[in-house]
Structure formats: C-alpha cells, structure tokens
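Worth saying up front: this structure is predicted, and the values here are computed from it rather than measured. Starting from 1, each residue takes its place in the sequence as its number.
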Amino acid sequence: MNRLLAGTLMGWASLLIGTQDLSAQQAVPAPARVIIVFDASGSMYGQVAGGVKIDIAKKVVSDIIGTIDPAMELGLIAYGHRKKGDCEDIELLVPPQAGSSVAILKAVAGLEPKGKTPLTASVIQAAKHLKFEESKASVILVSDGVETCDKDPCMVATELESLGIDFTCHVIGFDLKAGESSGLECLAKKTGGMYLAAQDASTLKTSLETAMKQVAKPVTTLVVEARKSSGGPMLEGVSFQVFAEGSGENAISSGGGGRWSVELPKAGRYTLSARFGGKGIELEAILKEGETVTKEVVFAETGLKASAYATEGGPAFEKDVYWEILSTAADAEGKREQLAFSYEARPFLKMAPGKYLLKAVRGDASASMDIEVTEGAAQEVKIILGSGNLKLSAASAEGQEPFTKDVAWEILSPADAEGQRKKVTFSYEARPTITLPSGKWLVTVAHGDARGQKEVEVKAGETLDVLVIMGSGRARLAVVMEEGGTPVAKDVAWDILGEADAEGNRKKVAFSYEAQPTLSLAAGKYLVQAQVGNATGTTTIEIEAGKTVERTLVLGAGRLKLSASAAEGGTPIANELSWEILGRPDAEGNRQKMAYSYEAQPTLNLPAGKYIAEVKWGSATLRKDVEVAAGKLVEVPVVLNAGTLAVTAHMGEGADPAATDLAWEILAEPNAEGERKNVGFSYDAQPKFRVTAGKYLISLKRGGTSVTQEVDVPAGKLTSQKVILNAGMLQLSSGTPGGWEIFGPQDAEGNRKQLFYSYDASIKVAVPAGKVLVVRKENDKKAEKELEVKANTLSELTLDAK
C-alpha cells in the first residue's frame, strides 16, 4: 500500500506539546532513579575528533549534570579505573540520591582509564543498587568497547528485564567499530532502552542528553533500523512512515535514513511502512506508555532458518540462543567481520547469496559451521552444541527453603596447571538454569555476603539439579538515638567486621546504606558498626545457619540544629556560612573536630555531650557552648554581631566604578602595639566582606596609586562605601627597548617617590592626579618627561630612550 506523510516537522512539535499538556494534568511522578555507568577502561585514552575520549566524556558529563532536575536520584558507577586486567574493577562512586551533582562531578574528574571492560557486570551492579526488583530503575551505560570479561550483555538483558519491576538500560556506544555494537544494541532493545551511537564530543553530548531526558520523562518511542541483512550493517536511504491504529491512509509521522526514531502520542498499536529501492515492507509495533521499542527491517530476499540442539536427535532450543554470521576470510589479526546477528532462538537470517561462517552460542556452549546461502527458498541449518544444563538453587541450611532473590551465581572452569580457574558465566536469578558444554565445573554462589560452592559435572543433553547449602543466617539491624526510641529511617551507614586476627585487626565483610538492612552472612561472630552523621555505635552478633538475629543499636546521640543571624532579631543567614563542632579539650588543651558543615542551617547527629559550635561568616567568627542530649533535637541560634561591607572604587568624584586591576584589603582597628589585622582581601571589582561590627580601614591599590579610608560597619546591615582614588590613567608607549619608571612630584628635599615600574613596551596604569615624572631608559640611554595627570582622565605619552 502506498501511503504518504500527512504531517510535517511542525506536526512533531505540536505532538510533543500535546504530550506535555497531557502529563501536566496528571499527578506529579516520583523522581527518576538512575545510575550512569561510566567507562574508564584503558581504551578511553584513545583519540577521536575533538581530543582524548576520556577527556571528552568527562566534559560532556560535567556539562550535562548541572542541567538536570536536582530531585532526580542520580548515581555513578565506574569500571576499569583502578587496576589493569581486573574484571572485578567496578566501583559505586556515588549512590543514587537527590542532589548528587557535585559528588558526581568530583568523582568523574578523578577517573583515570586503566583496565578492562566489565560493562555487563557493571550494569548488573547498577541495577541491584537501584533495587530494580522492587521499583522502577534506569541505567545509562556509556562505553567505547565490547565486553572483555566473558559475559554476554544481551543474555543478561533478558534476565534483568524478567526480574525487574520496570528496568531500562539506555546505551551510548562511543566510537565503536563495525560489528562491535551488537551486544550493546541488544542490551538496550531488550530492556526497552535506546541505543545511541556517538563519534565525538558533539554526538556524545546529544546522546547523553537524549538518554537523560528519556529517563526524566519517558516518552513512547519507536526506533526503526533498516539493514541489508539480519543484524548486519545499517542501510541508508530508506523512507519510513508510521500509521496509528484506525488512522487509515494518513501517516502520523515520516522520516528517512538507516536508524530513525519517532516519539508517539500515546501507547497502542502502530503500523510501520519502510521503502527502499522500490521494495516496501510493513510490520506492526505495540508500545506501552513511556516505552522505547526497536524494530528491525531487513530488505534481503534470501537467507537461512537456523536451529540449535544440545544433542543429535534432541529437541531444538526455543530461547536464549545467540547467532552470528561471519565472513569466511579472517583479517591480519585472525578476526572475522560480523555480517549479521540475531538473538532469536530459531531465526530466519536474511542474507545475500554467498559463503559464510555460522556460529551459535547458548550460555557458554557454542558451535560453528561453514554454510552457503543460495538463491531460492530459505535453507534450514541445524547446529549441535553438545551441551547440558545446570538447574541451580541455594539455601541457608539443610531443610530450609531455597532463596528466592538476591542470589549471585558464577561458574568457574576446571583448575589449570597452576590451580587457576576461569570465570565462564554467571547469573543473578535465584534459581537459574545455565547451559554449559559437557564437562566438570565449579559452581559458586553468593547470597548477600555469604558464600558457597560445589563441584559438578555436566553431561550433553541432560539437566542436573544442584542445591548449594550456604551455612548462612541473617542479621536484621536497626539503630535508635536513645533507649526505647524510634528506629532511624535514613542516612545510616553500616559496616560488618569479621573476628579479629592475631594482631587485633578485623576485615570488613559487609556494608549497607539502608536504614534497617537485613544482611545475609556466613555463620560466625561479627562486630557491627553503625554511623548516623557523626554519631557511631558498635555491637557484636553471632550468626547461626538458617536463623535470623535481630539487633537494635542504641547510639546515645541527639541532633543539633544550628542557625546564625547577623544581628539580634535578624533573619537567619542563608549562605556563605561554615560550621565546626569541637569536642572536649585534651590534656594539652586541643579540641578534636567532631563535625563540620557548609550548610546555612545544618542539622548534625552527634553523641550526647558538651561541645563548642564555631561558625564563620567571612571574617566574622563566633564560638558557643552547646550540649546534645540523647534522642533530643537541640536548636541553637547564634548571633554573629556582624555586617556586610560592599566597596566600589572610583577614579574621581562622579566617576563610574573601576572594573580591573584592584587590590582590596580590610584591616581591623590597631592592637596595643599599633598593628592592624587583615580580615579580608579581594581582587574583585566590587567585593563584599562579612565582618564583625566595628571600625575598619579600607586599603585600596590600583596600579601606581593607593588610598586608605576608614569605615564603621554596624551589625545586621549592608554598608556601601565608595573609595575615591583621585587618580587618572596613564598610557605609555615606546619604539625603543627598555623599562619604565613613574615617579610622583618632588618633596621639600627634591626627592621623588617611585610609583610604578614595568619592562613592557607599552603600558596603561593608574597614577595619582597631579604632576608625575615618566622615565624610559635602557642601559645608558634615557629619556624623561614630566606631565600633569588629571583625575578620571586618560593621558597618553610616547617616549623613546636615546
């Protein structure tokens, strides 16, 4: 059917506006929860247009982070930034939380590319930190390479999508070569995310902005990819039209290219029409609200139908098979070009006639064969993997029900000659079925911080049930500020330490930032540490297999709420405050810093006791004795008896404020020895100083002129002070080498004071109004000129040393 586009790009704009109007009428959604997974592997030191990839990525993240909604619960994970060759080098740098922009900027700035690319495990960790099994969660992965740690991102995508409440992974492939993006594209598509390709700073920024917008406010999006073979290179020059159900011949949008996306007005059923070289293809797409769906359109006529089997004569696999079609010829490094791929179990792979290598992968079992695609009907091809299955489950103790969540499995190869085992696959399902080549394997499992393992043997075509007994129990923890108090509901940090060694050291075996965590631990004795703000507490627990220990720590702590005003009865100061809480003095009279904050009105958690609260506002400082009571909130308002001094410099009466080359000092009243303390300095044009109420001396220098002026600053008020320099500007130039000296008028004894000197060929400098002597000299050559400088006036002079 030949359909034409009814709308234009203008229609897109109205469509978007309509979507925004509709969402404005709905209830305000909960803030988005997202973790950015940042590639800091060694390859990020590579060059692209615009510079080094890591530098470009850092700048792009920095530019975008400051523009996001501060309510978004944003976190950051990086991989490959600490060690070379380590697939475990994954670190949660910033937990997902509102207002995390500053922490993320600091963390990103410190990343140095070093190691491998465990991108799949990084996405899994991000999902778990977001509690994707309990609530909506999104991950944005930025990567410049393929997985290098023996994991398949597409297989994991299926698992994450099935386990998650609403899990989405948007993927940005940065400077990926042909054939490198298939796993990443699949990861995005299977989780309802976007795959976005970036080659330089501009496209990386656009891609990250697109992903962030989709996370913050998901829109229903259809992505179309046109290819000349299944999973093969993109085919450019294709025209697309999209029709809503019931719209008849009127398309709601159209476009062209190879990869094309359109934001749709609502969820529902749509028809996609694609045309290329006189051939048309139509297919249906059903989208949910806010979902991204990617559809592939393949224009090849011939191909093959592939199926994979564990053993000859057995049933064909119906899921979890990955197929690749590769070129028969390898390059200089032995690599074959990927020409097509599919994650369907029994795909129809459309390919042009020719000879190829077909490869099938299921779990960690794989097989390949040479094939030839011919003209005519699709050929049927069978591949035998020689694989078996492990059906895994784990329990805390004999007789206990197997775990149903929070389980991590790894399968290790047989030990080599040096006793080393290679990690071959993994799963985060509680009770997974894993396909492996026949042979012996080591199964390891983690539930929380408890570990277990078991040797197994896989036989082709058979499924082996494996139950691992962990010998573990649980600790259910809570913390209260006082005996009998209500458990603290947020901002708690827990550390679980093992038994002390011969030197009294304890190893950290677990941690949590949940307020009331339930931790799975191996049977044994532990030291539990809890921290709420600056208050800490410890207790010991003993874990028994199959049992749960409940423990509530009493911190004996309270909360201290601080505020400061400039004067009695004034409004609390809103910014530029710094606080320190000092403990009791030691034997030498020194006080330990117990807490600090740069918030204007912080609330601090502290152990019960007496402290000194010190607040600074500019140079205004005050100390106050405070006492914290367990379980209580103590509010402490502080009166600084301070004001603000705002100063401007003027070359003469009635002149505009000077804007450059200013040096300010604010000096307190002289002490008993006549010395004045410097309480503030600035090189700004119009600075503001926060000072204790009282009298001060303003000292100002500009070029060769300086003045002082007294001022009285009252508490709680803004004092604006003009400082008149009574000076003019002197612009000097010379055609000969040498230096400049500028002297003031002669005193009673005929001496002149040097005001300024410079070795530049030309200068522009402020000097006091009145007569000045200008000298230009170089070795024994010299020229001088006396001239009159007027206030707020520019005087020009050219002088050559002769």
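- Surrounding NZ of K59 are at most 12 heavy atoms belonging to other residues, nucleotides or ligands under 6.0 Å away.
- Between K525 and E499, none of the side-chain N atoms (NZ, or NE/NH1/NH2) sits under 4.0 Å from a carboxylate O, so this pair counts as no salt bridge.
- Using a cutoff of 4.0 Å between basic side-chain nitrogens and carboxylate oxygens, K695 and E669 are not scored as salt-bridged.
- Using a distance-only test at 3.5 Å, with no hydrogens or angles considered, no donor-acceptor pair links the side chain of T719 to the main chain of V713.
- Heavy-atom contacts from other residues, nucleotides or ligands closer than 6.0 Å to CZ of R33 number more than 12.
- K405 has no carboxylate O lying under 4.0 Å from a charged side-chain N of E133, or vice versa, which leaves the two without a salt bridge.
- Pairs of residues two or more places apart, or lying in two chains, never qualify as salt bridge (Lys or Arg N to Asp or Glu O under 4.0 Å) while including a residue from residues 551-571.
- By the 30° and 60° cut-offs, the orientation of the rings of F167 relative to F132 is perpendicular.
- Ion pair R676/E665 not flagged as a salt bridge, since none of the NZ, NE, NH1 or NH2 atoms sits closer than 4.0 Å to an Asp/Glu carboxylate oxygen.
- Applying the salt bridge (Lys or Arg N to Asp or Glu O under 4.0 Å) test to pairs two or more places apart or on separate chains, those with a residue in residues 511-520 are K131-E514.
- A cation-pi arrangement is found for K593 relative to Y596, the charged atom lying closer than 6.0 Å to the ring centre and inside a 45° cone about the ring normal.
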Cut-off 3.5 Å, no hydrogens considered: what does the side-chain donor-acceptor table look like for residues 610-621, sequence neighbours left out?
residue: Y611; atom: OH; partner: P607; partner atom: O; Å: 2.6
residue: E614; atom: OE2; partner: R623; partner atom: NE; Å: 2.7
residue: E614; atom: OE2; partner: R623; partner atom: NH2; Å: 3.3
residue: S619; atom: OG; partner: V679; partner atom: O; Å: 3.4
residue: S619; atom: OG; partner: R690; partner atom: O; Å: 3.2

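- K508 and D495 are joined by a salt bridge, as a carboxylate oxygen and a charged side-chain nitrogen come within less than 4.0 angstrom of each other.
- Closest non-hydrogen pair, S396 versus I469, comes out as O-CG2, 4.2 Å.
- For the side-chain contact (heavy atoms from CB on, under 4.5 Å) with V94, the qualifying choice from L74, V108, I104 is I104, the only one to do so.
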